[in-house]
Amino acid sequence: MPLPRLFDYAIPEGTAPRRGDRITVQLGRRQQTGVVVDADVASDLASDRLKSIVDVRSDAPPLPLDWLELMRFLSSYYQRPLGETMISALPPRLRSVKPLPRKASQAEGEAIASARFVAVHELTTAQSQAVARIALKFGGFAPVLLHGVTGSGKTEVYLHLIARVLEAGGQVLVLVPEISLTPQLEARFREAFPETRLAVMHSGLQDIARTSAWLEAARGAAGIVLGTRLALLAPLRKLGLIVVDEEHDASFKQQEGLRYSARDAAVYRAKLTGCPIVLGSATPSLETWYNFRQGRYERIELSERAVPGARLPTVRTIDLRSQAVEQGLALPVVQAIERRLARGEQSLVFINRRGYAPVLGCEACGWYAGCARCTGKLVVHSVDQRLRCHHCGAQEAVPRACPTCGNVDLKAMGRGTQRVEETLASRFPGARIVRIDRDSARRRAELGRTLEAIRRGEADILVGTQLLAKGHDFPQLTFVAVLNADSALLSTDYRAPERLFAVLSQVAGRAGRRSEPGEVMVQTRYPDHPLFGALERHDFAGFAEAQLAERRSAGFPPYVFEAALRAEASALAQALSFLEQARSLVVAPEAVRVFDPVPHVLTRRAGFERAQLVMQSASRAALQAHLAALAQMLFESAPRDVRWHLDVDPIEFD
Ligand code: ADP
Ligand code: ZN
Ligand code: ZN
């Protein structure tokens, strides 16, 4: 468990370290990198017990004060030690006690060469109004929800705003959800600002690239910082605007270590800096929507597609109870794909992967392949004939026969992307079918090439999961079929409908982005579910209001604030009793409701038994105070055989 404390060091003669300086210190037997958080305070320790700072580092610019402020916020709000928060925010090379290579440390922080902006489109009226309204807010904190339907040209609005900030000599931070999205977006940004330094940041970068992007941001040389959630942690000297694209996306929440929400923290950062923040989405998170309804955020709407003549697709449900279904595909879907093939247009078969995967089972005795380390089921991967656990990563070969009854006719049950691909291949011989999911997207470069090929029209049918739903612009795609949307409707997670609506809107939004109209079919056994009605009407507001009413009466966020204390141990009883003890040792104030400890739905993961304790309060301050007391106690006295963490504003409960 990391140490929660700060350490005092003596200032060596002849040096004058200041707040934000990186320093080398002796910690125990090792030298480590530290950051000065206070320089002119007397230590409580006797001076002969204080060690001296080993070195005040000058190989990189000092960390700015507003960055320290942001780190303090993250540390206290998400209940992690300040030192750990800061060190994990630094790129690996700046964490190390080894000095930066000369070249990196000497690169000058040249002024931004030019803010030349190459506009590709004449803005629509709605777009220019959005730009004008947001530009009025420059120079002060202002949270804006840019609520634009898919294809409404939100990116164009960002670019025009960025142009204005750059022109005034400022920097812009743009956060996007997925790495796979970045290549296309990156190209769009480079094209728009050919003479501006663009620092790209995501976890897939090599150490050196990540460090130099960070330094460019810190020195103010990069006009634009474009990246995934970790880009939020970069220092920016002249931050003038923050953009969070697809702000509803779950990937903005980090699920390990410092469990921060980059979106929420970005709002805090904008406030700290005193600049506007634009939260863009076609399907805003209910938290953001609620903030708009409460009058805290301004909402600017783009209700039509930007491309002249392009309209939102027509969406309809296909009732699986009354339709002929062959190999998982309903007849109207097959016919719709046939029509696209005949016209030379593209179709997308979207598989909602959440809670759904082909498992290996025996029809003779009911056995199925489970993970030995988890309570999860193993998923069949037909490419290499292996079974993999999607929760803990364990894998094994597909057995030749059923281990309980010897039956050799084992079947993959359920319908994953691979089986749908096979079904489509036999139904439409000669069609060019491309599958994109987590497995096929492992290699970033390859994914980029595949997406390019799809845009050029070198595919007829796309088969894919969530990964295909986001942000891509495929001009020739006019039909989308959604398979197994229903698992989300049956979920116990109160966020499941919100996520389903978002992903279905996103995926539907891939269709008909040019003049040919798009068509979407959702296969379901619950065609009367109100969620589908709202989806058909493209009525996010109606959907959001209905969801908020449900959340309010059930007492869920955003009407209360939530946190979870989670424990992992080798035995479930151990994890549960740890939670029980934590609950009784640090008694919650009346304003905080503490539920009973419960095992996770997926109890076993990677060899550990997991349980959690959920806490709720209508008062953020009361919850925060309680969490701080809890963390303090646990850092000091948690047993060593239990791993624990706090998750503030958790979004996953499995
Ligand atoms: P969103 O992010 O809102 O879904 P995009 O920013 O991806 O939408 O834009 C959708 C498409 O519309 C893109 O192909 C883009 O080039 C095009 N587009 C954006 N603004 C305009 C405009 N003013 N005129 C014509 N086409 C536009
Ligand atoms: Zn497993
Ligand atoms: Zn069997």
Side-chain angles (χ1 to χ4, degrees), residues 117-134 144-163 172 174-178 180-193 224 226 243-249 251-252 263 278-285 288 299-313 315 345-346 348 451-452 454-457 466-478 480 501-518 520 535 538 540:
F117 173 46
V118 183
V120 175
H121 300 289
E122 181 113 15
L123 293 185
T124 63
T125 313
Q127 284 172 321
S128 24
Q129 281 171 353
V131 171
R133 265 169 74 185
I134 298 168
V144 176
L145 163 60
L146 183 62
H147 185 199
V149 298
T150 55
S152 59
K154 294 185 284 295
T155 314
E156 226 54 37
V157 172
Y158 306 150
L159 293 174
H160 276 76
L161 289 169
I162 292 169
V172 182
V174 183
L175 302 179
V176 296
E178 290 271 349
S180 63
L181 266 184
T182 331
Q184 196 189 349
L185 200 65
E186 191 182 323
R188 184 74 196 86
F189 273 64
R190 289 198 193 279
E191 173 192 33
F193 302 103
I224 304 168
L226 171 65
V243 174
V244 183
D245 191 27
E246 309 289 353
E247 65 87 32
H248 62 279
D249 198 279
S251 74
F252 286 122
R263 179 204 54 221
V278 178
L279 304 170
S281 180
T283 52
S285 64
T288 296
R299 169 173 171 258
I300 296 178
E301 197 182 3
L302 302 174
S303 54
E304 275 162 25
R305 290 197 154 173
V307 173
R311 272 165 299 126
L312 285 170
V315 179
E345 295 168 10
Q346 291 173 330
L348 163 59
L451 295 175
E452 229 359 272
I454 296 172
R455 269 192 290 279
R456 284 196 305 265
Q466 262 72 342
L467 208 63
L468 258 191
K470 291 177 186 161
H472 306 295
D473 195 21
F474 302 130
Q476 292 152 59
L477 185 72
T478 59
V480 172
F501 192 93
V503 77
L504 294 188
S505 304
Q506 293 293 328
V507 76
R510 297 315 108 210
R513 291 171 73 91
R514 296 298 182 271
S515 48
E516 303 78 23
V520 179
L535 192 71
H538 303 289
F540 175 80

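Side-chain atoms are counted along with the backbone in the values below, which use heavy atoms only and exclude waters and symmetry mates. Just so you know, ligand 1 is whichever comes first in the structure, and atom 1 is the first atom listed for that ligand.
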Nearest heavy-atom contact between Pro313 and Ala508 is CG-O, 3.4 Å

Note: ligand 1 atoms sitting under 4.0 Å from heavy atoms of Glu156 are 20 (N)

Taking all non-hydrogen atoms of both residues into account, name the closest pair between Leu535 and Phe501 and its distance. N-CE1, 3.7 Å

So the atoms of ligand 1 within less than 4.0 Å of a heavy atom of Gly153 turn out to be 1 (P), 3 (O), 5 (P), 6 (O), 8 (O), 9 (O), 19 (C)

Tell me whether ligand 1 is touched by Val120 - counting only heavy atoms on the residue side and a distance under 4.0 Å. no

With heavy-atom distances below 4.5 Å as the criterion, would you say the side chains of Val278 and Glu247 are in contact? no

Which one holds for Gln127 and ligand 1: side chain close, backbone close, both close, or neither close, with close meaning a heavy atom under 4.0 Å? side chain

Min N/O separation Ser152 to ligand 1 under 3.5 Å: yes

Residue Thr150 vicinity, atoms of ligand 1 by number, heavy atom under 4.0 Å: 4 (O)

I need the atoms of ligand 1 closer than 4.0 Å to a non-hydrogen atom of Glu122, numbered in the order shown. 22 (C), 23 (N), 24 (N)

Structural part of His121 in contact with ligand 1, heavy atom criterion under 4.0 angstrom: side chain

When only distance counts, is Gly148 in polar contact with ligand 1, meaning an N/O pair under 3.5 Å? no

Where ligand 1 meets Leu123 - atom numbers and elements under 4.0 angstrom, heavy-atom basis: 23 (N)

Determine, considering heavy atoms only, which of Thr155, Leu302, Leu159, Val307 sits nearest to atom 2 (O) of ligand 1. Thr155

Could you tell me whether the side chain of Pro517 reaches within less than 4.5 Å of the side chain of Thr478, counting heavy atoms only? no

Would you mind running through ligand 1 and noting each atom that sits below 4.0 Å from a heavy atom of Thr124? 23 (N)

The answer for which part of Asp245 has a heavy atom under 4.0 Å from ligand 1 is neither

Using a strict 4.0 Å cut-off to heavy atoms of Val149, name the atoms of ligand 1 that fall inside it. 3 (O)

Spacing of CG belonging to Leu159 relative to NE2 belonging to His121, to within rounding of 0.5 Å: 9.5 Å

Nearest atoms (heavy-atom pairs only) where Arg263 meets Phe252: N-CB, 4.1 Å

Any idea which atoms of ligand 1 are less than 4.0 Å away from a heavy-atom of Ala306? 18 (N), 19 (C), 20 (N), 21 (C), 24 (N), 25 (C), 27 (C)

Euclidean distance, Leu348 CG relative to Phe474 CZ, rounded to 0.5 Å: 8.0 Å

